[in-house]
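Okay, structure first, notes after.
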Amino acid sequence: MPELPEVETTLRGIQPYLLDQRISRINVREPRLRWLVTPETVKAEGQLVKHLGRRGKYLLLGLDRGGLLIHLGMSGSLRVLEEFTPPGKHDHFDIELENHCCLRFNDPRRFGALLWSAGSIELHPLLRNLGPEPLSVEFTADYLFKRSRKRRLAIKNFIMDGHIVVGVGNIYASEALFMAGIHPSRQAGRISLQRYAGLVEAIRDVLERAIRQGGTTLRDFVGSNGAPGYFAQELLVYDRAGMGCFQCNTPIKKKVIGQRSSYYCPVCQR
DNA sequence: CGAGGGACCTGGTTGC
DNA sequence: TGCAACCAGGTCCCTC
(Lines give C-alpha, C1' and ligand atoms only; values in the text may rest on other atoms or scores of the structure.)
Protein backbone atom coordinates (compact mmCIF):
# COMPACT_ATOMS: atom_id res chain seq x y z
CA MET A 1 0.00 0.00 0.00
CA PRO A 2 2.29 2.69 1.10
CA GLU A 3 3.75 4.60 -1.75
CA LEU A 4 4.82 8.17 -1.18
CA PRO A 5 1.32 9.67 -1.48
CA GLU A 6 0.02 7.37 1.20
CA VAL A 7 2.91 8.12 3.52
CA GLU A 8 2.38 11.84 2.98
CA THR A 9 -1.33 11.45 3.67
CA THR A 10 -0.54 9.46 6.80
CA LEU A 11 1.79 12.22 7.97
CA ARG A 12 -0.88 14.89 7.46
CA GLY A 13 -3.46 12.71 9.17
CA ILE A 14 -1.49 11.99 12.33
CA GLN A 15 0.31 15.33 12.69
CA PRO A 16 -2.46 17.22 14.54
CA TYR A 17 -2.65 14.50 17.19
CA LEU A 18 1.09 14.24 17.82
CA LEU A 19 2.65 17.65 17.35
CA ASP A 20 3.71 19.28 20.64
CA GLN A 21 2.39 16.31 22.59
CA ARG A 22 4.39 14.32 25.10
CA ILE A 23 4.96 10.60 24.64
CA SER A 24 3.90 8.76 27.78
CA ARG A 25 4.75 5.23 26.73
CA ILE A 26 5.86 3.15 23.79
CA ASN A 27 4.32 -0.26 23.92
CA VAL A 28 6.04 -2.76 21.64
CA ARG A 29 4.17 -6.02 21.37
CA GLU A 30 6.18 -7.45 18.47
CA PRO A 31 9.74 -6.16 18.10
CA ARG A 32 10.57 -8.39 15.12
CA LEU A 33 9.98 -5.91 12.33
CA ARG A 34 12.32 -5.24 9.40
CA TRP A 35 14.88 -4.46 12.08
CA LEU A 36 14.46 -5.55 15.66
CA VAL A 37 12.92 -2.73 17.70
CA THR A 38 15.61 -2.13 20.33
CA PRO A 39 15.05 -1.53 24.06
CA GLU A 40 16.60 1.91 23.55
CA THR A 41 13.29 2.98 22.08
CA VAL A 42 12.06 3.67 25.62
CA LYS A 43 14.28 6.75 25.59
CA ALA A 44 11.52 8.41 23.61
CA GLU A 45 9.19 8.12 26.59
CA GLY A 46 8.61 11.37 28.42
CA GLN A 47 9.73 13.43 25.44
CA LEU A 48 7.87 16.05 23.47
CA VAL A 49 7.15 15.53 19.77
CA LYS A 50 8.59 18.75 18.39
CA HIS A 51 8.50 18.02 14.70
CA LEU A 52 6.94 15.57 12.26
CA GLY A 53 8.30 15.06 8.79
CA ARG A 54 8.74 12.73 5.87
CA ARG A 55 11.79 11.76 3.86
CA GLY A 56 10.91 9.52 0.95
CA LYS A 57 8.68 6.91 2.56
CA TYR A 58 10.20 7.33 6.01
CA LEU A 59 8.16 9.13 8.67
CA LEU A 60 10.23 11.19 11.10
CA LEU A 61 9.32 12.18 14.65
CA GLY A 62 11.71 14.77 16.02
CA LEU A 63 11.82 14.78 19.84
CA ASP A 64 13.53 16.97 22.45
CA ARG A 65 16.56 14.73 22.28
CA GLY A 66 16.77 12.23 19.45
CA GLY A 67 13.86 10.99 17.41
CA LEU A 68 11.95 8.10 15.94
CA LEU A 69 11.85 6.84 12.41
CA ILE A 70 8.88 4.83 11.15
CA HIS A 71 8.59 2.98 7.86
CA LEU A 72 5.38 1.30 6.71
CA GLY A 73 7.11 -1.29 4.53
CA MET A 74 4.79 -3.07 2.10
CA SER A 75 1.76 -3.56 4.30
CA GLY A 76 2.03 -1.18 7.25
CA SER A 77 -0.44 1.44 8.37
CA LEU A 78 -0.80 3.89 11.23
CA ARG A 79 -3.88 5.23 12.88
CA VAL A 80 -4.76 7.36 15.84
CA LEU A 81 -6.99 5.99 18.58
CA GLU A 82 -8.70 8.49 20.86
CA GLU A 83 -9.82 5.94 23.39
CA PHE A 84 -8.65 2.54 24.52
CA THR A 85 -9.10 -0.12 21.88
CA PRO A 86 -7.83 -3.66 22.38
CA PRO A 87 -4.97 -4.43 19.99
CA GLY A 88 -5.77 -6.75 17.13
CA LYS A 89 -3.69 -9.07 15.01
CA HIS A 90 -0.52 -7.45 13.63
CA ASP A 91 -0.88 -4.36 15.84
CA HIS A 92 2.83 -4.40 16.63
CA PHE A 93 3.38 -1.22 18.59
CA ASP A 94 1.62 1.78 20.12
CA ILE A 95 3.02 5.24 20.75
CA GLU A 96 0.89 6.53 23.59
CA LEU A 97 0.61 10.24 24.28
CA GLU A 98 -0.22 12.21 27.39
CA ASN A 99 -3.28 13.59 25.61
CA HIS A 100 -4.58 9.98 25.74
CA CYS A 101 -4.28 9.52 21.99
CA CYS A 102 -2.49 6.45 20.77
CA LEU A 103 -0.65 6.01 17.49
CA ARG A 104 -1.04 2.35 16.57
CA PHE A 105 1.07 0.55 13.98
CA ASN A 106 -0.32 -2.44 12.10
CA ASP A 107 1.74 -4.45 9.62
CA PRO A 108 0.93 -8.04 8.58
CA ARG A 109 4.16 -8.60 6.68
CA ARG A 110 6.44 -6.94 9.24
CA PHE A 111 8.56 -5.19 6.59
CA GLY A 112 7.97 -1.94 8.42
CA ALA A 113 10.29 -0.36 10.99
CA LEU A 114 10.49 1.61 14.21
CA LEU A 115 13.96 2.96 14.87
CA TRP A 116 15.31 5.13 17.66
CA SER A 117 17.93 7.72 16.90
CA ALA A 118 19.93 9.39 19.69
CA GLY A 119 20.88 12.30 17.45
CA SER A 120 18.75 14.41 15.17
CA ILE A 121 16.43 12.09 13.29
CA GLU A 122 17.13 13.84 9.99
CA LEU A 123 20.71 12.61 10.27
CA HIS A 124 19.83 8.94 10.58
CA PRO A 125 22.21 6.82 8.44
CA LEU A 126 19.30 5.36 6.46
CA LEU A 127 18.46 8.85 5.21
CA ARG A 128 22.00 9.94 4.48
CA ASN A 129 22.36 8.77 0.90
CA LEU A 130 18.83 9.24 -0.34
CA GLY A 131 18.15 11.08 -3.56
CA PRO A 132 16.06 14.27 -3.79
CA GLU A 133 12.35 14.46 -3.09
CA PRO A 134 10.43 14.14 -6.36
CA LEU A 135 8.32 17.18 -5.51
CA SER A 136 11.32 19.39 -4.70
CA VAL A 137 13.11 21.85 -6.96
CA GLU A 138 16.24 19.69 -6.93
CA PHE A 139 14.46 17.00 -8.91
CA THR A 140 15.02 18.12 -12.48
CA ALA A 141 15.57 16.67 -15.93
CA ASP A 142 19.19 17.86 -15.79
CA TYR A 143 19.73 15.94 -12.59
CA LEU A 144 18.24 12.68 -13.90
CA PHE A 145 20.06 13.04 -17.19
CA LYS A 146 23.45 13.49 -15.50
CA ARG A 147 22.92 10.68 -13.00
CA SER A 148 21.83 8.29 -15.76
CA ARG A 149 24.80 8.67 -18.09
CA LYS A 150 26.60 5.34 -18.59
CA ARG A 151 23.86 3.58 -16.64
CA ARG A 152 22.59 0.56 -18.51
CA LEU A 153 19.85 -0.59 -16.19
CA ALA A 154 16.18 -0.30 -17.10
CA ILE A 155 14.71 3.17 -16.59
CA LYS A 156 12.05 1.68 -14.34
CA ASN A 157 14.67 0.33 -11.94
CA PHE A 158 16.56 3.62 -12.18
CA ILE A 159 13.66 5.78 -11.02
CA MET A 160 12.75 3.27 -8.31
CA ASP A 161 16.24 3.53 -6.80
CA GLY A 162 15.96 5.67 -3.68
CA HIS A 163 19.52 6.87 -4.11
CA ILE A 164 18.43 8.51 -7.38
CA VAL A 165 15.03 9.83 -6.31
CA VAL A 166 12.93 8.82 -3.33
CA GLY A 167 9.32 7.81 -3.20
CA VAL A 168 8.71 6.38 -6.66
CA GLY A 169 7.27 2.94 -5.98
CA ASN A 170 6.23 0.14 -8.28
CA ILE A 171 2.78 1.49 -9.11
CA TYR A 172 3.79 5.06 -9.87
CA ALA A 173 6.93 4.03 -11.77
CA SER A 174 4.71 2.22 -14.27
CA GLU A 175 2.22 5.07 -14.37
CA ALA A 176 4.80 7.84 -14.86
CA LEU A 177 6.60 5.93 -17.63
CA PHE A 178 3.33 5.47 -19.46
CA MET A 179 2.52 9.16 -19.13
CA ALA A 180 5.97 10.04 -20.46
CA GLY A 181 5.77 7.50 -23.30
CA ILE A 182 8.94 5.72 -22.21
CA HIS A 183 9.29 1.94 -22.34
CA PRO A 184 10.07 0.64 -18.84
CA SER A 185 12.91 -1.58 -20.07
CA ARG A 186 14.74 1.20 -21.90
CA GLN A 187 18.27 1.73 -20.65
CA ALA A 188 18.45 4.78 -18.39
CA GLY A 189 21.58 6.03 -20.13
CA ARG A 190 19.88 6.03 -23.51
CA ILE A 191 17.18 8.56 -22.79
CA SER A 192 17.51 12.16 -23.95
CA LEU A 193 17.41 15.25 -21.73
CA GLN A 194 14.17 16.24 -23.37
CA ARG A 195 12.49 12.93 -22.58
CA TYR A 196 13.71 13.17 -19.00
CA ALA A 197 11.94 16.51 -18.80
CA GLY A 198 8.72 14.73 -19.69
CA LEU A 199 9.42 12.02 -17.15
CA VAL A 200 10.09 14.48 -14.33
CA GLU A 201 6.83 16.21 -15.13
CA ALA A 202 4.97 12.88 -15.21
CA ILE A 203 6.38 11.74 -11.86
CA ARG A 204 5.45 15.04 -10.23
CA ASP A 205 2.01 15.01 -11.76
CA VAL A 206 1.10 11.46 -10.80
CA LEU A 207 2.37 11.88 -7.22
CA GLU A 208 0.60 15.19 -6.71
CA ARG A 209 -2.65 13.82 -8.03
CA ALA A 210 -2.32 10.75 -5.83
CA ILE A 211 -1.67 12.89 -2.76
CA ARG A 212 -4.83 14.84 -3.52
CA GLN A 213 -6.72 11.55 -3.88
CA GLY A 214 -5.15 10.14 -0.76
CA GLY A 215 -6.37 13.22 0.97
CA THR A 216 -9.91 12.25 0.23
CA THR A 217 -9.81 8.50 0.65
CA LEU A 218 -7.41 8.44 3.57
CA ARG A 219 -8.86 11.36 5.47
CA ASP A 220 -10.07 9.41 8.44
CA PHE A 221 -7.13 8.38 10.60
CA VAL A 222 -9.12 8.50 13.76
CA GLY A 223 -11.69 6.14 15.06
CA SER A 224 -12.23 2.46 15.37
CA ASN A 225 -12.80 1.95 11.69
CA GLY A 226 -9.17 2.62 10.82
CA ALA A 227 -7.43 0.61 8.12
CA PRO A 228 -7.80 3.12 5.33
CA GLY A 229 -7.40 1.90 1.80
CA TYR A 230 -6.56 3.89 -1.23
CA PHE A 231 -7.92 2.28 -4.24
CA ALA A 232 -9.89 5.12 -5.73
CA GLN A 233 -6.93 5.72 -8.01
CA GLU A 234 -7.37 6.09 -11.69
CA LEU A 235 -4.50 3.94 -12.81
CA LEU A 236 -3.69 4.06 -16.50
CA VAL A 237 -1.60 0.90 -16.84
CA TYR A 238 -0.91 -0.64 -13.44
CA ASP A 239 -2.68 -3.99 -13.02
CA ARG A 240 -4.37 -3.56 -16.40
CA ALA A 241 -2.63 -6.39 -18.30
CA GLY A 242 -4.63 -7.42 -21.36
CA MET A 243 -6.96 -4.43 -21.14
CA GLY A 244 -6.97 -1.72 -23.79
CA CYS A 245 -4.56 1.20 -23.60
CA PHE A 246 -6.50 4.39 -22.92
CA GLN A 247 -4.62 6.11 -25.74
CA CYS A 248 -4.53 3.52 -28.53
CA ASN A 249 -6.55 0.54 -27.28
CA THR A 250 -3.61 -1.88 -27.69
CA PRO A 251 -3.66 -4.50 -24.90
CA ILE A 252 -1.49 -3.44 -21.96
CA LYS A 253 1.48 -5.75 -21.39
CA LYS A 254 2.84 -7.10 -18.14
CA LYS A 255 6.52 -7.88 -17.78
CA VAL A 256 8.76 -8.62 -14.81
CA ILE A 257 11.59 -6.09 -14.62
CA GLY A 258 13.97 -6.27 -11.71
CA GLN A 259 11.73 -8.84 -10.03
CA ARG A 260 8.78 -6.47 -10.02
CA SER A 261 5.69 -6.57 -12.22
CA SER A 262 5.67 -3.77 -14.74
CA TYR A 263 2.83 -2.66 -16.97
CA TYR A 264 3.11 -0.72 -20.20
CA CYS A 265 1.65 -0.09 -23.62
CA PRO A 266 3.93 -1.62 -26.27
CA VAL A 267 2.79 0.96 -28.82
CA CYS A 268 2.72 4.22 -26.83
CA GLN A 269 5.93 3.52 -24.91
CA ARG A 270 9.27 3.35 -26.68
C1' DC B 1 31.97 1.03 -9.52
C1' DG B 2 27.34 -1.06 -11.49
C1' DA B 3 24.14 -4.91 -11.92
C1' DG B 4 21.53 -8.60 -10.17
C1' DG B 5 19.44 -11.39 -6.90
C1' DG B 6 18.28 -12.97 -2.14
C1' DA B 7 16.56 -11.76 2.10
C1' DC B 8 12.99 -10.36 5.37
C1' DC B 9 7.31 -11.81 6.33
C1' DT B 10 1.97 -12.87 6.10
C1' DG B 11 -2.12 -13.38 3.61
C1' DG B 12 -5.07 -13.46 -0.38
C1' DT B 13 -5.86 -15.62 -4.81
C1' DT B 14 -5.31 -19.19 -8.23
C1' DG B 15 -5.12 -23.67 -9.99
C1' DC B 16 -4.95 -28.57 -9.64
C1' DT C 1 -12.85 -28.83 0.00
C1' DG C 2 -7.82 -29.07 0.56
C1' DC C 3 -3.51 -27.80 -0.31
C1' DA C 4 0.48 -26.02 -2.79
C1' DA C 5 2.22 -22.48 -5.59
C1' DC C 6 2.38 -17.91 -6.63
C1' DC C 7 1.87 -13.08 -6.02
C1' DA C 8 1.67 -8.49 -3.44
C1' DG C 9 2.34 -1.34 -2.70
C1' DG C 10 9.71 -1.80 -0.07
C1' DT C 11 14.51 -1.65 0.22
C1' DC C 12 18.79 -3.24 2.36
C1' DC C 13 22.76 -5.93 1.62
C1' DC C 14 25.65 -9.37 -0.40
C1' DT C 15 27.91 -11.25 -4.38
C1' DC C 16 29.79 -11.14 -8.95
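Reminder, nothing fancy here: chain letters follow the sequence lines and each chain counts from 1. None of the values given here were measured: they were computed from a predicted structure. Excluded from the calculations below are hydrogen atoms, water molecules and symmetry mates; all remaining heavy atoms, backbone and side chain alike, are included.
Whole-Å rounding puts the Leu69(A) CG to dG10(C) P distance at 17 Å. Between Leu33(A) atom CG and dG10(C) atom P the separation is 18 Å, expressed in whole Å. Distance Glu175(A) CD to dG9(C) P: 13 Å, rounded to the nearest Å. Following rounding to the nearest Å, Met74(A) (CE) and dT11(C) (P) show an atom-to-atom distance of 10 Å. When the P atom of dC13(C) is taken as reference, atom CG of Asp161(A) falls 14 Å away, rounded to whole Å. dG10(C) atom C1' lies 13 Å from atom CG of Leu4(A), rounded to whole Å. A straight line from CZ of Arg109(A) to P of dG9(C) spans 8 Å, rounded to a whole angstrom. In this entry the distance linking CZ of Phe111(A) with P of dG11(B) reads 12 Å, nearest Å.
Below the 3.5 angstrom threshold, one finds no donor paired with an acceptor across the side chain of Arg110(A) and the base of dC9(B). Taking 3.5 Å as the limit, the base of dA3(B) and the side chain of Arg152(A) contain no donor-acceptor pair of atoms between them.
Rounded to whole Å, the separation between the C1' atoms of dG12(B) and dT11(C) comes to 23 Å. Rounded to a whole angstrom, the distance from the P atom of dC7(C) to that of dG5(B) is 15 Å. Nucleotides dG9(C) and dA3(B) place their P atoms 22 Å apart, quoted to the nearest Å.
Ile164(A) contributes atom CD1, which lies 4.0 Å from atom CZ of Phe158(A) (distance to the nearest 0.5 angstrom).
The nucleotide whose nearest atom lies closest to any side-chain atom of Arg34(A) is, among dC9(B), dC12(C), dG9(C), dC12(C). Side-chain proximity of Gln259(A) to the nucleotides dC8(B), dG5(B), dC12(C) is greatest for dG5(B). Of the listed nucleotides (dT11(C), dG11(B), dC12(C)), dG11(B) has the atom at the smallest distance from the side chain of Pro108(A).
Between Arg260(A) and the phosphate of dG10(C), there is a side-chain N or O to OP1/OP2 separation shorter than 4.0 Å. Dashed line: the shortest gap from a side-chain N or O of His90(A) to OP1 or OP2 of dG11(B) is under 4.0 Å. In this model, the phosphate group of dG11(B) is approached by a side-chain N or O of Lys89(A) to a distance below 4.0 Å at OP1 or OP2. The phosphate of dA8(C) has OP1 or OP2 within less than 4.0 Å of a side-chain N or O from Ser261(A). For Arg151(A) and dA3(B), the shortest distance from a side-chain N or O to OP1 or OP2 is below 4.0 Å. Phosphate proximity of dT11(C) to Lys57(A): present, with a side-chain N or O under 4.0 Å from OP1 or OP2. Proximity of Tyr58(A) to the phosphate of dC12(C): a side-chain N or O atom is located under 4.0 Å from OP1 or OP2.
Both the sub-6.0 Å distance and the 45° axial angle are satisfied by Arg149(A) relative to the ring of Phe145(A).
Within a 6.0 Å radius of CZ in Arg32(A), no more than 12 heavy atoms belonging to other residues, nucleotides or ligands are found.
Pair assignment for dG5(B): dC13(C), on the basis of Watson-Crick or G-U wobble contacts that are both within less than 3.5 Å.
In this structure, Gly162(A) reaches neither bases nor backbone, as no heavy-atom distance under 4.0 Å exists between it and the strands shown. Leu126(A) comes within 4.0 angstrom of the backbone, heavy atoms only, and of no base.
In the hydrophobic clustering, where aliphatic and aromatic side chains (Ile, Leu, Val, Met, Phe, Trp, Tyr) are joined below 4.5 Å either directly or transitively, Ile121(A) groups with Trp35(A), Tyr58(A), Leu60(A), Leu69(A), Leu115(A), Leu126(A), Leu127(A), Leu130(A), Val166(A).
Asn170(A) and Lys156(A) form a side-chain donor-acceptor contact under 3.5 Å, judged by distance and modelled atom types alone. Judged purely by distance below 3.5 Å, without hydrogens or angles, the side chains of Ser120(A) and Glu122(A) pair a donor atom with an acceptor atom.
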